[in-house]
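These notes concern the structure reproduced below.
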Amino acid sequence: MNYVVFDLEWNQCPYGKHREVKALPFEIIEIGAVKLNKDREYVGRFHRIVRPAVYTKLHHRTREIVHMDQETLDQGVSFQEAAREFLAWAGADSQFCTWGTIDLVELQRNMKYYGLLHLLKGPLHYYDVQKLFAVSYEDMKSRRSLEYGIDYLKLEKKQDFHRALSDAWYTAEIFQTIDMDVVLAYDSIDVYQNPKTKDEEIHAVYNGYSKFISREFSTKEEAMADREVLATHCCLCGRNARKKLRWFSVNSKNYYCVAYCPVHGYVKGKARMKHTDEGKVYVVKTIKVSSEQEAQEIREKRDELREKRRKKRRGEA
DNA sequence: TTGGATTTTCGGCACCGAGG
DNA sequence: CCTCGGTGCCGAAAATCCAA
């Protein structure tokens, strides 16, 4: 098993959104990757410039960020060739690592555009080094820039940022500093290819929380009526935790609830509604360990929200 | 049963900070 | 300039409640 740390550079429609190709808002123009063995030692690299075929001219903003001239781009290979070679080079049993969540999405979106998505079966497990950085060195929630991470760790800035190979290299260097226990405990799942059937639904357990990704439903109501979506299993032992506070919504997308595990005490649930390109919905539910105090706070938050809406109604009447 | 009051739902919008 | 995810606010519409 190898780790493939990769980074992409992409371009967008230089003439504004109204003239873009809907299925391809971002066109990949460069792929850079560093391969590490199971001990996270450097074993190889991959680099391709991709000749753009949809947006042949660089967006002015892109040109400012990515330092590439037109000749360099024109000398690139086609996306089909670059993607096939990249995946072949990566090998079937490698673990992808990226800085942030977007690169996996754009890679797949570009592959879909060219009818190559079957080469990369999702959902994809990967390591989001930006997240691992936050878990290891900050508050778990922050999402820092790559350069911030390099500065924080006092690593040498040998090359410019915002080129695929150098950013992949920087990401790999940060990845190498992360404690292996943290890496193993916090893998990420990309659901650009979201679960379609019940067997494909994802149940993942992490340190102190668990994540469930449902199959598709036609409507939100149907989703929120599903047994597995509503279930509140303790994220530590998997036992059914009895609900203390039923699922309630704060807005159209997020639902919360509180439950009590007979062994581990309070847990809190959060369910987020996600929409697919085809207008279906699926649910990403997380269950986290909580406390009596936090449970009380969530209850108060719910009551406050109700009170607020009530007051507002009165004011308008 | 019904109409008004109250509560919930839900899309739009704006902001932030990451990505290019 | 555009995407994405998260958050919060707002108002209209839908759903529900409740008393006459």
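No experiment lies behind these values; they were computed from the predicted model shown. Naming convention: chains lettered A, B, ... in sequence-line order (proteins, then strands); numbering from 1 in each chain.
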Problem - ring pair (Phe, Tyr, Trp, His ring centres under 6.0 Å) contacts touching residues 15-39 of chain A (sequence neighbours left out) - result: Trp10(A)-Phe26(A)
Exercise for the section: Consider only side-chain N and O atoms of Thr177(A) and Tyr137(A), and report whether a donor and an acceptor are under 3.5 Å apart. Expected result: yes
Practice task
Sequence neighbours left out, what passes side chain to side chain contact (heavy atoms under 4.5 Å, CB included) with Met1(A)? Give chain and number order.
Solution key: Tyr3(A), Asp93(A), Gln95(A)
Handout entry: Between Tyr127(A) and Trp99(A), ring centroids under 6.0 Å
Key = no
Exercise for the section: Take atom OH of Tyr255(A) and atom P of dT8(B), then tell me their distance rounded to the nearest Å. Expected result: 12 Å
Problem - Verify same cluster id: Ile28(A), Ile102(A) (apolar side-chain graph, 4.5 Å) - result: yes
Practice task
Scan Asp128(A) against the nucleic acid and name what it touches under 4.0 Å (heavy atoms): base, sugar-phosphate only, or nothing.
Solution key: nothing
Fill in the blank from the handout: d(Arg215(A) CZ, Asn194(A) CG) to nearest 0.5 Å is 12.0 Å
Handout entry: Polar contact flag, side-chain donor to acceptor under 3.5 angstrom, His125(A)-Asp187(A)
Key = yes
Handout entry: Between P of dC10(B) and CE of Met273(A), the distance in whole Å
Key = 9 Å
Problem - Side chains of Glu297(A) and Gln293(A), donor plus acceptor under 3.5 Å - result: yes
Problem - salt_bridge(Lys157(A), Asp151(A)) N-O dist < 4.0 Å - result: yes
Completion exercise
Separation of dG17(B) atom P from Leu146(A) atom CG, nearest Å, is 18 Å
Practice task
Measure centre to centre between the rings of Tyr282(A) and Phe217(A), then say whether the value is under 6.0 Å.
Solution key: no
Handout entry: Under-4.0 Å side-chain N/O to phosphate OP1/OP2 contact, Ser145(A) with dA18(B)
Key = no
Problem - Pairing residues for Glu27(A) by the side chain to side chain contact (heavy atoms under 4.5 Å, CB included) criterion, not counting sequence neighbours - result: Leu24(A), Pro52(A), Ala53(A), Val54(A), Tyr55(A), Asn110(A), Tyr114(A)
Handout entry: Sorted by number, the residues of residues 79-87 of chain A with heavy-atom contact under 4.0 Å to DNA chain B
Key = none
Exercise for the section: Using the test salt bridge (Lys or Arg N to Asp or Glu O under 4.0 Å), find all partners of Glu20(A) that sit at least two apart in sequence or belong to another chain. Expected result: Lys17(A), Lys22(A)
Problem - Phosphate OP1/OP2 of dA18(B) contacted by Trp99(A) side-chain N/O (<4.0 Å) - result: no
Problem - Cation over ring face, Lys220(A) and Tyr255(A), 6.0 Å, 45° - result: no
Exercise for the section: Rounded to the nearest angstrom, tell me the gap between atom OH in Tyr148(A) and atom P in dA18(B). Expected result: 10 Å
Problem - Spacing of Glu147(A) atom CD relative to dG17(B) atom C1', expressed in whole Å - result: 15 Å
Problem - Near-strand residues of residues 130-143 of chain A, defined as heavy-atom separation under 4.0 angstrom from DNA chain B - result: Gln130(A), Arg143(A)
Handout entry: side chain to side chain contact (heavy atoms under 4.5 Å, CB included) against Gln193(A), all qualifying residues, sequence neighbours excluded
Key = Gln108(A), Leu117(A)
Fill in the blank from the handout: So the stems of DNA chain B, runs of at least three Watson-Crick or G-U pairs (under 3.5 Å), are B:1-20 with C:1-20
Exercise for the section: Give a yes/no answer on whether the side chain of Asn254(A) brings an N or O atom under 4.0 Å of OP1 or OP2 in dT7(C). Expected result: yes
Exercise for the section: Give the ring-plane orientation class for Tyr148(A) versus Phe133(A), where under 30° counts as parallel, over 60° as perpendicular and anything between as tilted. Expected result: perpendicular
Handout entry: Rounded distance (Å) that lies between atom C1' of dG8(C) and atom OH of Tyr256(A)
Key = 11 Å
Problem - Aromatic plane relationship, Tyr170(A) with Phe161(A) - under 30° parallel, 30 to 60° tilted, over 60° perpendicular - result: parallel
Table of protein N/O atoms under 3.5 Å from nucleotides 11-16 of chain B N/O atoms:
{"unit_1": "dG11(B)", "atom_1": "N7", "unit_2": "Ser252(A)", "atom_2": "OG", "d": "3.2"}

Fill in the blank from the handout: From the list Leu104(A), Asp103(A), Thr98(A), side chain to side chain contact (heavy atoms under 4.5 Å, CB included) with Asp190(A) holds only for Leu104(A)
Fill in the blank from the handout: Within residues 213-228 of chain A, those residues having any heavy atom closer than 4.0 Å to DNA chain B are Lys220(A), Glu221(A)
Exercise for the section: Give Ile29(A) one of three labels, base, sugar-phosphate or nothing, depending on what nucleic acid heavy atoms sit under 4.0 Å from its own. Expected result: nothing
Exercise for the section: Would you please name every residue forming a side chain to side chain contact (heavy atoms under 4.5 Å, CB included) with Ala82(A), sequence neighbours left out? Expected result: Ile31(A), Arg48(A), Val50(A), Val77(A)
Exercise for the section: Give the minimum heavy-atom separation between Arg109(A) and Ala23(A), together with the two atoms involved. Expected result: CG-O, 3.7 Å
Could I get a table of every N or O pair under 3.5 Å where one atom is in the protein and the other is in nucleotides 2-5 of chain C?
{"unit_1": "dC2(C)", "atom_1": "OP1", "unit_2": "Lys17(A)", "atom_2": "N", "d": "3.0"}
{"unit_1": "dC2(C)", "atom_1": "O4'", "unit_2": "Gln12(A)", "atom_2": "OE1", "d": "2.5"}
{"unit_1": "dT3(C)", "atom_1": "OP1", "unit_2": "Lys17(A)", "atom_2": "NZ", "d": "2.7"}
{"unit_1": "dC4(C)", "atom_1": "OP1", "unit_2": "Arg109(A)", "atom_2": "NH1", "d": "2.9"}
{"unit_1": "dC4(C)", "atom_1": "OP1", "unit_2": "Arg109(A)", "atom_2": "NH2", "d": "2.6"}

